[in-house]
Amino acid sequence: MNTFFQLFISALLVSSLYTLVAVGFTMYVGVINLANFSHGDTCVMGTFLLMPIFLFATKMGWLSAGAGLLIPVIIILVMLLTGLWGAGIYKILVKPLLVAPRLILLLASVAAGQVIREAIRVIYPNGSNPQVFPKLLPSGILEISGLRFGYDSLTIIFLSVICIISLNFIIKRTKMGLAMRAVSQNSDVSQMMGINIEKTIITVFIIGSALAGLAGILNGAFYGITKFNLGSNLGIKGFSAAVIGGLGDFQGAIVGGVLLGFIEVFAAAYIPNGSQYQDVFSFLAVIAFLIFRPSGILGEKIFEKV
């Protein structure tokens with residue numbers, strides 16, 4: 001039973017990271033029907049933006065006195081930078097191609113992800129090699145009734161839950177959230193009702209990219225390492241989670257992220273040599289959903305041709 005609860009926390013940890021990425025994918029698809037495949041590379045961009053900022057703060061001696069306050073400030077700064085990158089992606093890449101076939105826009109997003117990877121590899125010192133990531137999360141173990149939980153895992157789960165709750169509040173309770181939902185339903189009618197379509201889409205890109213930056217930072221902080229091409233795996237897993245839950249459905253992204261994380265962790269633990277094939281199990285689950293439930297767990301059936 002102790003082992004089960006330890007695995008449960010590990011599954012929540014993995015699910016939290018996947019959900020943060022999946023939410024971005026489902027927002028893009030929901031608002032402009034775009035699977036932005038540079039999204040996973042935005043996660044890695046966050047890690048490579050944070051490292052020089054963290055190094056500079058360390059050399060200036062700012063972290064020795066107020067690390068507990070400055071580290072959250074650095075993380076928020078990086079989230080803002082990745083959010084601005086998302087806005088730039090929309091302005092430079094997406095907006096000019098909105099009238100083009102979605103396949104063209106899809107290929108453009110793939111190319112943008114490749115640009116991020118190669119830019120990091122070439123510009124960053126020793127960018128081709130794995131990079132040691134700064135230790136940002138609290139260390140130590142919380143022990144309750146014989147169960148041991150790392151403070152780093154609990155911190156990641158807590159931050160992810162706070163972000164998801166906050167985003168849910170924005171979508172359900174604010175004017176901008178109402179605009180997002182309206183544009184998702186019918187952009188033409190929304191524009192006739194006075195909604196600023198471009199402002200709404202830019203906001204979606206800023207929020208999605210900021211969450212991607214946070215997911216990359218938390219992933220790097222937990223595992224203690226990052227690499228220029230790590231975004232491919234994070235992007236695929238996040239997109240897979242969004243597909244399982246239902247592309248375009250915010251709640252579906254959460255369900256898909258949780259389900260995918262639990263499949264990976266428990267399959268790796270309870271199937272012989274499962275840790276070697278955990279990616280296989282997760283993608284088999286995706287294939288199964290594509291065959292038997294292509295609209296996702298919470299997705300609605302769509303009858304129009306794409």
Side-chain angles (χ1 to χ4, degrees), residues 19-53 72-100 102 104-120 123 163-164 166-171 174-184 187 190-191 194-218 231 234-235 238-239 242 247-248 250 253:
T19 300
L20 288 177
V21 183
V23 163
F25 274 111
T26 205
M27 290 177 69
Y28 300 141
V29 173
V31 174
I32 60 172
N33 193 28
L34 167 67
N36 178 16
F37 282 111
S38 68
H39 190 60
D41 296 289
T42 304
C43 301
V44 177
M45 176 188 286
T47 65
F48 280 89
L49 285 173
L50 183 138
M51 288 190 291
I53 297 174
V73 172
I74 293 175
I75 293 175
I76 292 172
L77 174 60
V78 173
M79 291 177 66
L80 291 174
L81 292 175
T82 54
L84 290 175
W85 166 261
I89 283 289
Y90 170 73
K91 282 286 191 179
I92 297 171
L93 182 67
V94 176
K95 184 180 177 181
L97 295 175
L98 278 177
V99 295
R102 279 296 178 265
I104 302 298
L105 197 51
L106 180 68
L107 292 174
S109 72
V110 173
Q114 187 66 32
V115 168
I116 296 174
R117 288 195 293 273
E118 290 303 310
I120 292 173
I123 296 173
C163 288
I164 297 302
S166 301
L167 184 56
N168 184 67
F169 177 82
I170 292 173
I171 293 174
T174 66
K175 289 185 177 179
M176 179 52 67
L178 179 61
M180 291 178 189
R181 287 183 281 135
V183 173
S184 176
S187 59
S190 300
Q191 195 167 19
I195 293 176
N196 190 325
I197 302 295
E198 183 168 346
K199 179 182 177 181
T200 303
I201 297 175
I202 289 177
T203 302
V204 167
F205 271 80
I206 290 174
I207 294 175
S209 298
L211 290 178
L214 177 62
I217 291 170
L218 295 179
L234 278 175
F239 183 71
L247 276 173
F250 175 74

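These numbers come from a predicted model, not from an experiment.
- Thr26 and Gly248 get closest at one heavy-atom pair: OG1-N, 2.7 Å.
- Annotation for Ser187 and Ile197: closest pair O-CD1, 3.6 Å, computed over non-hydrogen atoms.
- The shortest heavy-atom contact between Gly113 and Asp41 is CA-OD2, 3.2 Å.
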Using residues 206-215 as the side-chain source, report each donor-acceptor pair under 3.5 Å to any protein atom, sequence neighbours left out, with the distance given to one decimal.
| unit_1 | atom_1 | unit_2 | atom_2 | d |
| --- | --- | --- | --- | --- |
| Ser209 | OG | Tyr28 | OH | 3.4 |
| Ser209 | OG | Phe205 | O | 2.9 |

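- For the residue pair Val31 and Val183, the shortest heavy atom distance occurs at CG1-CG1, 3.8 Å.
- Considering every non-hydrogen atom in both Ser109 and Ala35, the closest pair reads OG-O, 3.6 Å.
- Interatomic distance, CE of Met51 versus CD1 of Ile74, reported as 13.0 Å (0.5 Å rounding).
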Just do the side chain to side chain contact (heavy atoms under 4.5 Å, CB included) check on Thr42 and Ile89 with the steps written out, would you? CA-CA 11 Å; Thr42 304; Ile89 283 289; over 6 Å; no
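- The CD1 atom of Ile217 lies 12.0 Å from the CE atom of Met45; values are rounded to the nearest 0.5 Å.
- Distance alone, capped at 3.5 Å, is enough to place a donor-acceptor pair between the His39 side chain and the Val21 backbone.
- Residues Arg181 and Ile171 approach most closely at NE-O, 2.9 Å, considering heavy atoms.
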Please test Val23 against Ile164 for side chain to side chain contact (heavy atoms under 4.5 Å, CB included), starting from the C-alpha separation and ending with a verdict. CA-CA 9 Å; Val23 163; Ile164 297 302; 3.8 Å; yes
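- The structure places CG of Leu247 at 9.0 Å from CZ of Phe25, a figure rounded to the nearest 0.5 Å.
- Two residues are said to be in side-chain contact when any heavy atoms from C-beta on lie closer than 4.5 Å; Ile53 and Leu81 meet this criterion.
- One finds the CG atom of Leu105 at 14.0 Å from the NZ atom of Lys95 (value rounded to the nearest 0.5 Å).
- Judged purely by atom type and a 3.5 angstrom limit, Ser190 uses its side chain to pair as donor or acceptor with the backbone of Ala182.
- In this structure, Ile170 CD1 and Leu178 CG are separated by 14.0 Å, a value rounded to the nearest 0.5 Å.
- The side chain to side chain donor-acceptor pair (under 3.5 Å) analysis of residues 75-94, with sequence neighbours excluded, yields the pairs Lys91-Glu198.
- Residues that satisfy the side-chain hydrogen bond (donor to acceptor under 3.5 Å, both in side chains) test with Ser38, not counting sequence neighbours, are Asn36.
- A distance of 6.0 Å separates CD1 in Ile32 from CZ in Arg102, rounded to the nearest 0.5 Å.
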